[in-house]
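Every number for a ligand or one of its atoms is a count from 1 in the order of the listing. Because the structure is predicted, anything quoted here is derived from the model rather than measured.
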Amino acid sequence: MSGRVSRVVGALAQATGMRDAVLNEIVRVGESNLLAEVLRVDGEEATLQVFEETSGLALDEPVRREGRWLEVELGPGLLGSVLDGLGRPLDALAARSGDFVEAGMDVPTINPDARFVFRPSHSRGDRVEQGDVVGTVQERGLEHRIMVPPGRSGVIASIQSGEIGPHACLATLADGTVLSLVQRWPVRRPRPAASRLPSERPLLTGQRVFDLLYPVAEGGTVAVPGGFGTGKTVIEQSLAKYVDADLVVYVGCGERGNEMAEVLGDLARIADPRHGGSLLDRMVLVVNTSNMPVAARESSVYLGLTIAEYFRDMGYRVAVMADSLSRWAEALREIGSRLQEMPGEEGYPTYLASRAAKLHERAGRVRCLGMPERSGSVSLVSAVSPPGGDFSEPVTQACLRVAGALWALDPELAHRRQFPAVDTGASYSLYADTLERWFTLHVDARWGHTRSRVLELLQREGELREIATIVGPEALEDGDRLLLSVAAMLREFVLGQSAYQPGDADSPPEKTLALARAAVDAYTRSKESLASGKTFADLDLEAVRRTLVALRDAPATRGSGG
Ligand SMILES: Nc1ncnc2c1ncn2[C@@H]1O[C@H](COP(=O)(O)OP(=O)(O)O)[C@@H](O)[C@H]1O
Ligand SMILES: [Mg+2]
């Protein structure tokens, strides 16, 4: 059945003759085959969200239903790819149409001409259930596990071995079901897992301030709000490079295109410490920059999460970097206002909070479906860009309510070039207590104690600063002056970390602890000196500074990390 375009407003089109249309189904609009999604059905009328440029679309052009949801192809060949918000590889798009992406172009996510060597782990006659790994493909240093798609099961009637294309028949089940290396999945629906698991270990970020003070659990979620220029993108990029995950999915959502180009160049250049190769080899990038259509910006986050869940289902630990969820929410707002929905706070749709919650729920640690038994995780680190840096605005609040940790960025610190510009007064992690046990067991028994001492110092520093502004710093006692001096060094050398200093951009937990301990111990020793009659002027704080700098600049190798 097909309908006709009756109205076009920006990214929205109205169509008539759409009686049986289903919410969220995919349709093709117009002579140029624009991809669109059904947003609303009202009798014969349907409202369509068009994912591509609608200029040139005319009244009465046909609308064809595709009988499917917005889906993505999942399979070998994903690693290292750069996709647009609809899952089309940018290089393939460019090859077909030059730098301008033609509308309606259907480019498969996975290159149909690629060939992979499949090693089956099952044979004819075996019974398989959903999620079972039927064999593997070696892909860029990663074992790509080929799984029976969710909802499928049966006895294997035939199974291939050796070189095969991504879409070819890989195996058949007795009921006639055909399996290939590639499976499809609707991006808005979370992929199923056997059960949820508690998160007991950290997602090590390589950033001292986060690992030590505000750690995130594997399978956890973090919101990183900060005004313009506070360092959100640099944090997302540093994590993409150094986070201790098997794979990274980087969603560049609505941010500037040239920044994305930089990230890409960077990632391609950096060697992966674990697999050799380049870091890009263990990443998938979803790019929907500010110059691309707004509707696809909204879907790009779901696309990224779906890809992450797919690798999670193989038993991998996946980290998703989203930059930024504010652009995702703005896309929602734009679509909602075009639909003339009743707006909520600041024009955002009233369902913003529930959408944000659902999105965050797709993170987590799970026991995967099928055999062999395995667990996997999706962790989500989302930048949020509140206008004017005001955290009380709806998007920041919606994310805060559901994220397990908050890394609040402070423009004041960024202005003083104290990076990462983390506001230690406002940031927190709900995972800290659980993870302290892990760090204590796997890194050092003194982890928890050191962390508490650092937090105490920072807290006391805050109080003293207030007093100092009233009475003047000279009026402070020697012990308080000592505390302020050590806290300043703590901020500069322990919590501060340059993303651009090759030896220090990634800090293993052992190094993080050594630095924190050096600062905390120096404080204790100096305090004892004061107690034994020395004055502030007698203390050799320059030596402390030298020790910290030396520790920071010493080459570090990442430990096993448990
Ligand atoms: N960890 C860091 N180390 C060194 N410089 C940083 C760091 N974080 C941010 N910066 C500096 O701040 C600038 C702005 O950071 P960016 O991540 O682009 O901000 P945002 O995404 O919040 O607008 C960067 O170009 C860089 O110069
Ligand atoms: Mg940015």
Side-chain angles (χ1 to χ4, degrees), residues 204-214 216 222-243 248 250-267 270 285-292 297 300-301 304 320-331 381-391 393 395-396 399 406-424 426-427 490-508 511-512 515 549 552-553 556:
L204 293 174
T205 66
Q207 311 300 301
R208 287 187 285 275
V209 61
F210 304 135
D211 290 343
L212 182 66
L213 300 184
Y214 314 110
V216 53
V222 193
V224 192
F228 181 75
T230 50
K232 300 178 295 295
T233 299
V234 172
I235 286 174
E236 296 276 13
Q237 293 177 6
S238 296
L239 258 64
K241 293 174 198 163
Y242 306 117
V243 74
V248 171
Y250 195 106
V251 185
C253 176
E255 295 296 297
R256 283 158 300 175
N258 56 339
E259 274 187 0
M260 266 331 282
E262 269 173 44
V263 193
L264 270 171
D266 247 27
L267 294 169
I270 298 178
L285 284 97
V286 178
V287 183
N288 197 263
T289 47
S290 45
N291 54 336
M292 294 178 174
R297 190 173 307 164
S300 64
V301 177
V320 179
M321 305 295 143
D323 188 13
S324 100
L325 283 193
S326 294
R327 308 289 167 248
W328 163 81
E330 283 160 18
V381 180
S382 323
V384 182
S385 349
D390 171 15
F391 290 3
E393 61 91 36
V395 184
T396 311
C399 292
L406 167 66
W407 299 343
L409 303 184
D410 178 0
E412 190 58 41
L413 293 175
H415 187 71
R416 281 191 264 133
R417 306 207 60 77
Q418 161 85 50
F419 290 116
V422 177
D423 179 346
T424 50
S427 301
L490 183 75
R491 286 186 183 281
E492 182 172 356
F493 304 114
V494 184
L495 305 181
Q497 197 172 338
S498 168
Y500 306 114
Q501 191 183 332
D504 197 41
D506 175 27
S507 182
K511 175 177 176 180
T512 297
L515 266 162
V549 170
R552 183 195 64 185
D553 295 342

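Using a 3.5 Å distance cut-off with no hydrogens or angles, the side chains of Asp323 and Gln237 do not pair a donor with an acceptor.
Residues Val384 and Ser326 are in side-chain contact: their nearest non-hydrogen atoms beyond the backbone lie under 4.5 Å apart. No side-chain heavy atom of Glu330 sits under 4.5 Å from any side-chain heavy atom of Val395. With a 4.5 Å cut-off on side-chain heavy atoms, Pro420 and Arg208 do not count as touching. Looking at Trp407 and Ile235, their side chains come closer than 4.5 Å, going by heavy atoms from C-beta outward. The side-chain heavy atoms of Val422 and Tyr214, taken from C-beta on, include a pair separated by under 4.5 Å.
Checked against a 3.5 angstrom limit, the closest N/O atoms of Gly231 and ligand 1 fall inside it. The shortest N or O to N or O distance between Phe228 and ligand 1 is not below 3.5 Å. Residue Tyr500 has no N or O atom closer than 3.5 Å to an N or O atom of ligand 1.
Note that OG of Ser238 is 9.0 Å distant from CZ of Phe210, once rounded to the nearest 0.5 Å. To the nearest 0.5 Å, atom CG of residue Leu413 and atom CG of residue Asp423 are 7.0 Å apart. Atom-to-atom distance recorded for Gln207:CD and Thr512:OG1 is 9.0 Å, nearest 0.5 angstrom.
Among the atoms of Ser385, no N, O or S atom falls under 2.8 Å of the Mg ion (ligand 2).
Every heavy atom of Gly226 sits 4.0 Å or more from the atoms of ligand 1. Distances shorter than 4.0 angstrom occur between a heavy atom of Arg417 and an atom of ligand 1.
Contact check on Arg416 versus Asp410 returns no salt bridge, with no Lys/Arg side-chain nitrogen under 4.0 Å from an Asp/Glu carboxylate oxygen.
With respect to atom 13 (C) of ligand 1, the closest heavy atom belonging to the protein is Gly229 O, 4.5 Å. Among all non-hydrogen protein atoms, the one lying nearest atom 21 (O) of ligand 1 is Thr233 OG1, 2.8 Å. Of all protein heavy atoms, the one closest to atom 22 (O) of ligand 1 is Lys232 NZ, 2.7 Å. The nearest heavy-atom contact from the protein to atom 17 (O) of ligand 1 is Val234 N, 2.8 Å. For atom 6 (C) of ligand 1, the closest non-hydrogen atom on the protein side is Phe419 CD1, 3.3 Å.
Interface atoms of ligand 1 facing Ala499, defined by a heavy-atom separation under 4.0 Å, are 1 (N), 2 (C), 3 (N), 4 (C). Contact atoms of ligand 1 toward Gly227: 22 (O) (distance under 4.0 Å to a heavy atom of the residue).
For atom 4 (C) of ligand 1, a protein heavy-atom neighbour is found at a distance under 4.0 Å.
Only the backbone of Gln497 comes within contact range of ligand 1, with a heavy atom under 4.0 Å; no side-chain atom does.
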